[in-house]
Amino acid sequence: MEIGVNVPNFGPGTDPDALRRWAQTVEGLGFDLLMVSDHIAITPDVAEQYPAPFYEPFTTLSWLAGVTRRIRLGTTVLIVPYRHPLLVARMAANLDRLSGHRLVLGVGVGWARQEFEALGVPFGQRGRLTDEYLRAMRAAWADHDDYRSGPIPIWVGGNSDAAIRRAVRLGDAWHPLRFTLPWLHDAVERLKTVAGEQDLPGLAPRIALRLTSTPVTARDRLAGVGTIDQVLEDLEALRLLGASSVVLDPFHGDPAETLSPETAWRDLAAVAASWKENR
C-alpha cells in the first residue's frame, strides 16, 4: 500500500519556496504520492476553508515535477465541471509525460456554489457535467497519436452514494475523504453492491493526520487522528480493507497552520518512520 500526502497549496504561508520545501520534505521522507487541492475563484465560501493565495493545481504540479524525481503527483480533488474537458485532457496528458508518467487525477463534482456562479457553471448540473467530462477526457486520451500519455488513473472523490456510483462507472479508484473507519466499512459494502458483476474500482482514501500524546477514544474519531499507534492501526485496517493508496491530510482547517509547516512535517516523519519499521 502506497502512502501519500495532501500538501496545502493555499493560505497565507504558501508561496513557491514553501511549496518546494513541502515537496522535497515529503519525497525525502519516502512518501509515494504528493497531492494538491483545486479552486479557481476564491469566493467567500471557498475562502472560509481555503484562503488566498491559491496555487492552481496543474501549474503547481508542473513546477513541482521539476523539483522532485520519484514521487507521484496528483489532485485531491480536481473540480471537473470548472474546465473544458479537452483542456483538462491536454494539461493532464502533458503533465503526465513531462513528469515521467507520475500523474494521478483525483476528481470531484465540487461544492462551492458561489464559485460555480463566478465561473458561470450551473451548480445544479455539476454531476451530469462531471460524468460527461470524464468520458470526454478518457476518449481524448485514447488518441495516442495526439495525447501520447495513455490512460491516466482517475480517482473519483466524494463520500456520497452518487460518488460511489460514479467511481464504479468511470473511475479507476474510489477516493473517500475524511471518515471514521466504521463508516468506511459500511461504505465499502455499498461499493461492492453497486459494482455487482462489474469490475470493482480500487480503494484510495484520504484521511486526516493529527497525532496526539494520549489515545482518542471518541466514537466519532476520524481515521488518522490519535496516537502514533492508533494511526498505524488505522493504516493497517485500511490495507486489510483493500486500499492500494492512502493519502494523509495534515491540514486541520486553520490557515495559520500554513505559516508553520514544521508541525505537520514532524507528524509525517513519525508516521513514515513507524510505518517502515512495522513493514
Check: T68/R102 side-chain N/O donor and acceptor closer than 3.5 Å: yes
Measure the shortest side-chain to side-chain distance between M1 and L235 over non-hydrogen atoms and say whether it is less than 4.5 angstrom. yes
Are L86 and W141 connected in a single hydrophobic cluster, I mean Ile/Leu/Val/Met/Phe/Trp/Tyr linked by side-chain heavy atoms less than 4.5 Å apart? yes
Might you point out which heavy atoms bring S37 and N6 nearest each other, and give the distance in Å? OG-OD1, 4.0 Å
Salt-bridge criterion met for R138 and D172 (N-O under 4.0 Å): yes
One should read off an interatomic distance between Y50 OH and I42 CD1, to the nearest 0.5 angstrom, of 10.5 Å
Quick one: OG on S274 to CD1 on I228, what's the gap to the nearest 0.5 Å? 4.0 Å
Can any side-chain N or O of H101 pair as donor or acceptor with the backbone N or O of S99 at less than 3.5 Å? no
Assess the residue pair W63 and L19 against the criterion (side-chain contact (heavy atoms from CB on, under 4.5 Å)); give the C-alpha distance rounded to whole Å, side-chain angles, the decisive distance to 0.1 Å, and a yes or no. CA-CA 10 Å; W63 185 66; L19 288 165; 4.2 Å; yes
Treat each ILVMFWY residue as a node, draw an edge where side-chain heavy atoms are under 4.5 Å apart, and state whether Y147 and L98 are in one component. no
ILVMFWY cluster, I154 and V77 together (side-chain gap under 4.5 Å): no
Rounded to the nearest 0.5 angstrom, the CG-CD distance for D234 and E236 is 11.0 Å
For V225, the rest of its hydrophobic cluster, which grows through side-chain links under 4.5 angstrom: V216, L222
Given 3.5 Å as the limit, does a donor-acceptor pair link the side chain of T75 with the main chain of G106, or not? yes
Verify, without hydrogens or angle tests, whether R190 (side chain) and I164 (backbone) share a donor-acceptor contact under 3.5 angstrom. no
For the student: nearest non-hydrogen atoms of W174 and A187, plus distance: CH2-CB, 3.5 Å
Check against side-chain contact (heavy atoms from CB on, under 4.5 Å), V80 and V88: CA-CA 8 Å; V80 175; V88 174; over 6 Å; no
Taking the side chain as every heavy atom from C-beta outward, state whether L238 and L184 have any atom pair closer than 4.5 Å. yes
Could you tell me whether a side-chain N or O of R70 sits under 3.5 Å from a main-chain N or O of E27, the two making a donor and an acceptor? yes
Side-chain heavy-atom pair I3, L248 within 4.5 angstrom cut-off: yes
State, yes or no, whether a side-chain contact exists between P122 and F116 at a heavy-atom distance under 4.5 Å. no
Tell me whether V231 is reachable from V246 by hopping between hydrophobic residues (I, L, V, M, F, W, Y) whose side-chain heavy atoms are closer than 4.5 Å. yes
So R83 and D38, do their side chains get closer than 4.5 Å, heavy atoms only? yes
If you compare all heavy atoms of P57 against all heavy atoms of V36, which two are closest, and at what distance to 0.1 Å? CB-CG2, 3.8 Å
Give the ring-plane orientation class for H39 versus F54, where under 30° counts as parallel, over 60° as perpendicular and anything between as tilted. perpendicular
Heavy-atom closest pair, residues V46 and A41: CG2-O, 3.8 Å
Any side-chain heavy-atom pair from Q230 and R221 closer than 4.5 angstrom? yes
Of all heavy-atom pairs between L73 and L33, which one has the smallest distance, and what is that distance? N-CD1, 3.9 Å
Steps toward side-chain contact (heavy atoms from CB on, under 4.5 Å) verdict (R166, V107): CA-CA 11 Å; R166 184 170 293 109; V107 300; 6.0 Å; no
Within-4.5 Å side-chain heavy-atom neighbours: R20 and D17: yes
Hey, what do you get for CG (D249) to CZ (R210), rounding to the nearest 0.5 Å? 11.5 Å
Could you pull out the closest heavy-atom pair between P250 and L268, with the gap in Å? CG-CD1, 4.4 Å
Roughly how far apart are L134 CG and L129 CG, rounded to 0.5 Å? 10.5 Å
Applying side-chain contact (heavy atoms from CB on, under 4.5 Å), run through V5 and L34 and close with a yes or a no. CA-CA 5 Å; V5 178; L34 181 161; 5.9 Å; no
Hey, what do you get for CZ (R178) to CG (L209), rounding to the nearest 0.5 Å? 9.0 Å
Evaluate the side-chain proximity of D32 to S245: yes if any heavy-atom separation is below 4.5 Å, no if none is. no
Ignoring hydrogens and geometry, is there a side-chain-to-backbone donor-acceptor pair from N159 to P176 under 3.5 Å? no
Under a plain distance cut-off of 3.5 Å, with no hydrogens placed, do T43 and D45 share a side-chain donor-acceptor pair? yes
E257 side chain vs F251 backbone, donor-acceptor pair below 3.5 Å: no
Counting N and O atoms only, with roles assigned by atom type, does the side chain of T212 sit under 3.5 Å from a partner on the main chain of T214, one being a donor and the other an acceptor? yes
Counting N and O atoms only, with roles assigned by atom type, does the side chain of R97 sit under 3.5 Å from a partner on the main chain of N94, one being a donor and the other an acceptor? no
Enumerate the residue pairs fulfilling salt bridge (charged side-chain N to carboxylate O under 4.0 Å, His left out) with a member in residues 104-129, sequence neighbours excluded, ordered by first and then second residue. R128-E132
On the 0 to 90° scale, with breaks at 30° and 60°, tag the W155-H175 ring pair as parallel, tilted or perpendicular. tilted
Please say yes or no: joined through hydrophobic side-chain contacts below 4.5 Å, possibly via intermediate residues, are L177 and L78 part of one cluster? no
